[in-house]
Every structure is written in structure tokens, then in C-alpha cells.
Amino acid sequence: MRMYDIIMKKRNGGELTTEEINFFIKGYTKGEIPDYQVSALMMAIYFQKMNKRETAELTKAMVESGDIIDLSAIEGIKVDKHSTGGVGDTTTLVLGPIVSAAGVPVAKMSGRGLGHTGGTIDKLESFTGFNVEMPIERFIRNVNEKKIAIGGQTANLAPADKKLYSLRDVTATVDNMSLIAASIMSKKIASGADAIVLDVKTGSGAFMKDEESSFKLAEEMVDIGTHVGRNTVAVVTDMDEPLGFAVGNALEVIEAIDTLKGKGPKDLTELCLTLGAYMLILGEKAKSFEEARGILEEIISSGKGIEKLKVLVEAQGGNPDFVDDISLFPKAKVVKKVLAARTGYVKAIKADDIGIAALVLGAGRETKESKVDLAVGVVLHKKIGDFVNEGEAIATIHSNCEEKTLQSEEIIQKAYGIVDEEVLTKPLIKGIVTKDGTIKF
Ligand code: URA
Ligand code: CA
């Protein structure tokens, strides 16, 4: 088999065989096929596309390019959740405990990554002493005993994807549905879950800016899941403004605690109940959406959810007292209000820019080597549709540096669009994609 022939076949609109897909993924992972040939193939795929079978086979080949985590020693159906990424997304910190309290084992491994804030494990390190590094045996034991563990990702998952994604990034071939879907799903499948709930974000703060392409991506990923025998449900949700109020690390943990105590932001609560309900259905702890949602609401109102967070924190060496005394979390030196420049209704909050306002304060990593400042970030006070008076606080900056505070403030001011006319809010949940079809709300 020759790479040249595979490139030409796809360039001419042909369908690649499983052998051809395996050949190029294996060869590329091993370094036997050069970047320039794979670049040409990616561009051919970009223009000629791949069908469902090719997309699923590409995903499988990428899964097999590295470690596949074996979670079979954990009792029950392991359901994982993945978000395509947004701003201020605190869902895992809420979902983990409530879903676990409902009896679905939560075995979450996450990376730190680059982003506006740290990843879930960075956020959890706001609990002094919280340990995310543990051998796989201990991780599995924790899940079996406590029904929840959240750890750092050390395995070599889908290395073919890592190489391909970097190559696509510099060859203008990222935005092809099949390639994106295969990239995301290969990492999820390699991490060992039996079933997957996807939160596909849509809007200004999301990877997919319009609803049509978000649904298409959701459908591609559900098709892959179905093809490889992992029950997959995707929920398409709004990311036109940041989720909840807090964007930061400790700040988001505090927001998650509020939500687990039933006092969280409406949008975050709604999203967690929706995603959680599908996790319960896939985990066979409920038969219908209504039943599942009822179970989760009871878990929050009875306090079982917040208790589970304490169990998680204690099991991994953190101090669970933080949950009831949030003054123990790392605190920023400077706390500054951002005041509305005019009176009116909030029409837009550019989510990406709020993310950057948190990033410049040090809440996230600009390079792999940067250290995350757990204390800093932004807390919004006004969301889309809210009325605001000139001089009223629209947000609060938590910072450890005067100069960065000013920079962040300027970005937040520009991110807010305030108008005279009343603004109608849009629904958070746009639709659901399952193997049986798509429902748009
Ligand atoms: N996120 C991924 O992990 N892969 C893509 O290709 C795009 C977004
Ligand atoms: Ca948030």
C-alpha cells in the first residue's frame, strides 16, 4: 500500500477502505509517513469529505493508536460526559457528585489543558491538599468504594489524534465535521466509558458558532458512538454567554458548591439537571427524562449531592471543611467592580472575551508551562436580558495584579452590549440527538 495512492483516491472523491485508514494512521503515528503527505490527505478529506463508515473507522484507528483504559474492574455502567468547550463551564463539578449520588459510578480522568481557566482537576486543587495523581488501581478502588473519583490523565490516549490535530491546526483543515467528530470521540472512547453524554455548545463562546453546524457535529459524534457500540447522547446547548456567573478556578468551585446546595445560577442548574438526566438514563438508573430529573432534583434538595462532593474531596486528600466555609478557598488580593457605562438591557456578553478577561488575570494557561492562579477570575452580575443602571456593577474582577486588573476591566466593558430595548432571552437547551434521531426545541 502506498500513501500516494490513498491521497489520490480521496482527492478524486473515492471512499477509503478500513485497511487504507489503518495504514495511514499507523504509519503517521510511528513517524513513517511524513507530515506533507498527511497534510495533503487532510486537505483532500476537507474537500471530498468522509462518509459515516470512514469516519467511524478513522475514529477506531485513532483509538487503537495508543492506550485504551480498561475500567472493567468498576462495577456498573460507566457513563462519561464531554463538553465541546465553552466559558465558565462548571458542570463536571456539579454533575460528578449528583450523578454519583444517584448510583452511576463516576470515573473521570481529565487533562489540564490550555484554556481560559484551568481544567476540572486544576479547579479541584483549590481544595488544599486535593490529590489528582494516583495509580490506576487506587483510582478504580476509589470509584468502587466511593462511587466517584476524578484524576489526572497520564495515559497516552489517541496519540494519532494529538499529531493530526496539531497538523490540521496549521494547515487550515480543522473545521471538517468528520475530522472534528473523530478527534473528540477517539479520546472519549479510549478513556474507557461504556456510554457517553456529549454537551455540544453553540454560539459566540463555542467552537461551533451556529446551530446548524452544532447539530451536525452532534449527529456525527452520536453516529460514531453507535458504530463502535457506545451508547451516546448529545445535547446541543447555548454558549452565547458564559455559563453561570463565575469564570475562574476557586470561583467556579464556589459556584458549583452553591449549585449543589440548590442556590446556583439558573442556567448552570438547568444544564446539570439535563445532562445528568441523560447520564442516569444511559446508566440505567432511570427510564425516562422526567424520572431522572426528579431523582437529581431530590439529590440536590436533600443535600445528598453536596455530601457526595465532601466524600470526593476527603477521599482524595482535600479538606472537606471548605464546602461549608468558602472563606478557606484561595483569595485574590484585589477585588474590583466593573461598572455599567450606560443604562439599558444586556443584549450580548461575548463569552470568548470574558474568558480572555479571566485568562489575562492568570486563571488559565497561555502555554503548557504556565501556572494557573486558582484565586483569580471574573464573576458576572448581569446576564443577557437583565436590566442595568449606569454605574451599577456588571461584574467583579478578582485579581492579584493591578495592571492586569485594568486590562481585564477594559475587555469586560467591551464584551458587554447594552441596549435601550428589552431583550428576550433564548432557551439554553437547543435540542437532543440520540441514535433514534434529532429533536430540536
Ligand atoms: N476539539 C478536538 O478535540 N478536536 C478537534 O478536531 C476540534 C476540537
Ligand atoms: Ca461558571
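Numbering of ligands and ligand atoms starts at 1, following listing order.
Qualifying side-chain contact (heavy atoms from CB on, under 4.5 Å) partners for Ser166, counting only residues two or more places apart in sequence or in other chains: none. For Lys201, the side chain to side chain donor-acceptor pair (under 3.5 Å) partners are Asp89, Asp199, not counting sequence neighbours.
Ion pair Glu212/Lys430 not flagged as a salt bridge, since none of the NZ, NE, NH1 or NH2 atoms sits closer than 4.0 Å to an Asp/Glu carboxylate oxygen.
The structure places CZ of Phe47 at 14.0 Å from CE of Met42, a figure rounded to the nearest 0.5 Å.
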Validation: residues 138-148 side-chain donor-acceptor distances under 3.5 Å, sequence neighbours left out:
unit_1, atom_1, unit_2, atom_2, d
Arg138, NH2, Ala315, O, 3.2
Asn144, OD1, Glu75, N, 3.1
Asn144, ND2, Ala73, O, 3.0

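When heavy-atom distances to ligand 1 are checked against 4.0 Å, the residues falling inside are Tyr165, Arg168, Ile180, Ser183, Ile184, Lys187, Phe207, ordered by chain and number.
Judged by the 6.0 Å distance and 45° axis criteria, Lys382 is not positioned over the aromatic ring of Tyr416.
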